[in-house]
Amino acid sequence: MPQTYYLGGRTPLVTWTACLLWALATVLAAWVGWWGSTASAWWIAAAGVTAALFSVTGAGLWWRLEWARRASMACLLAAGAGSAALVWLLAGQALWALLAALPVAAALAWLARRLAADAVREQFVA
């Protein structure tokens, strides 16, 4: 007899997180298009691969796939750390810029932690 899995109700948290990952992928793709001719090649390649990873992870999260939940937690933590580091570097290592970027990094870390909750985990297909 086939085994039936019960999927819990879909929460808006997961849906909005998928949309956030798509938005981050769009911003990175726009950055690649804007700075593609002037920046170094490895920055452009890294941003392009990251944009593709965010886009695929967002789609998997939208479909409630378990691998995408785990990958999205890593993507959100990397985006938080990357945003703080990017603001720090672009602002000339000013302390005020780092303090302005820390709430964004903290919000993304909180979101990644919420994706690890039991109530969210039961929505996903293994």
Side-chain angles (χ1 to χ4, degrees):
M1 179 165 203
Q3 187 173 6
T4 304
Y5 293 101
Y6 171 74
L7 297 178
R10 293 178 178 234
T11 61
L13 175 84
V14 178
T15 302
W16 285 106
T17 304
C19 292
L20 175 67
L21 286 171
W22 286 331
L24 288 173
T26 303
V27 167
L28 278 173
W31 184 80
V32 166
W34 181 263
W35 292 103
S37 61
T38 59
S40 65
W42 70 273
W43 275 103
I44 297 302
V49 168
T50 305
L53 178 67
F54 282 9
S55 181
V56 169
T57 302
L61 197 61
W62 185 271
W63 292 323
R64 305 301 197 267
L65 301 174
E66 177 62 24
W67 65 263
R69 184 186 66 83
R70 293 178 184 189
S72 65
M73 288 188 293
C75 287
L76 289 171
L77 291 174
S83 68
L86 186 64
V87 167
W88 175 264
L89 289 174
L90 291 179
Q93 298 178 350
L95 183 60
W96 63 268
L98 180 63
L99 292 176
L102 284 179
V104 173
L108 291 174
W110 174 83
L111 189 57
R113 179 70 179 125
R114 287 292 301 148
L115 286 175
D118 290 335
V120 174
R121 261 191 306 209
E122 68 185 21
Q123 300 176 40
F124 288 84
V125 177

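Along the sequence shown, the residues carry numbers beginning at 1. Note that the structure is a prediction, hence the values are computed from the model and not measured.
- Counting all heavy atoms, side chain and backbone alike, C75 lies closest to L21 at CB-CD2, 4.1 Å.
- Transitive grouping of hydrophobic side chains (ILVMFWY, heavy atoms separated by less than 4.5 Å) brings V104 and L28 into a common cluster.
- For the atom pair R114 CZ and L13 CG, the distance stands at 6.0 Å (nearest 0.5 Å).
- Partners of A116 under the side-chain contact (heavy atoms from CB on, under 4.5 Å) rule, at least two apart in sequence or in another chain, are R69, M73, R113.
- In the hydrophobic clustering, L65 connects to W22, V56, W62, W63, W67, either directly or through intervening members, whenever side-chain heavy atoms lie under 4.5 Å apart.
- Hydrophobic clustering of Ile, Leu, Val, Met, Phe, Trp and Tyr side chains at less than 4.5 Å, counting indirect connections, keeps V27 apart from W31.
- Distance check, rounded to the nearest 0.5 Å: OG1 of T17 to CG of L115 gives 5.0 Å.
- Residues meeting the salt bridge (charged side-chain N to carboxylate O under 4.0 Å, His left out) test with R70, sequence neighbours left out: E66.
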Donor-acceptor contacts, no H, no angles, side chain residues 76-83, under 3.5 Å, sequence neighbours left out:
residue : atom : partner : partner atom : Å
S83     : OG   : A79     : O            : 3.2
S83     : OG   : G80     : O            : 2.9

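- When the options T26, V49, L24 are evaluated for a side-chain contact (heavy atoms from CB on, under 4.5 Å) with F54, the one that passes is L24.
- Every pair tested for salt bridge (Lys or Arg N to Asp or Glu O under 4.0 Å) that includes a residue from residues 94-111 fails, sequence neighbours excluded, so the list is empty.
- Across all non-hydrogen atoms, the minimal contact from A18 to L61 is N-CD2, 3.7 Å.
- The shortest distance between side-chain heavy atoms of R64 and V120 does not fall below 4.5 Å.
- Remark: side-chain polar atoms of S55 are not paired, donor with acceptor, to backbone N or O of A51 under 3.5 angstrom.
- Other residues sharing a hydrophobic cluster with L53 under the 4.5 Å side-chain heavy-atom criterion for ILVMFWY residues do not exist; the residue is a singleton.
- Considering all non-hydrogen atoms of both residues, G60 and A68 come closest at C-CB, 3.2 Å.
- Contact record, V32 with A47: CG2-CB, 3.6 Å, taken as the closest heavy-atom pair.
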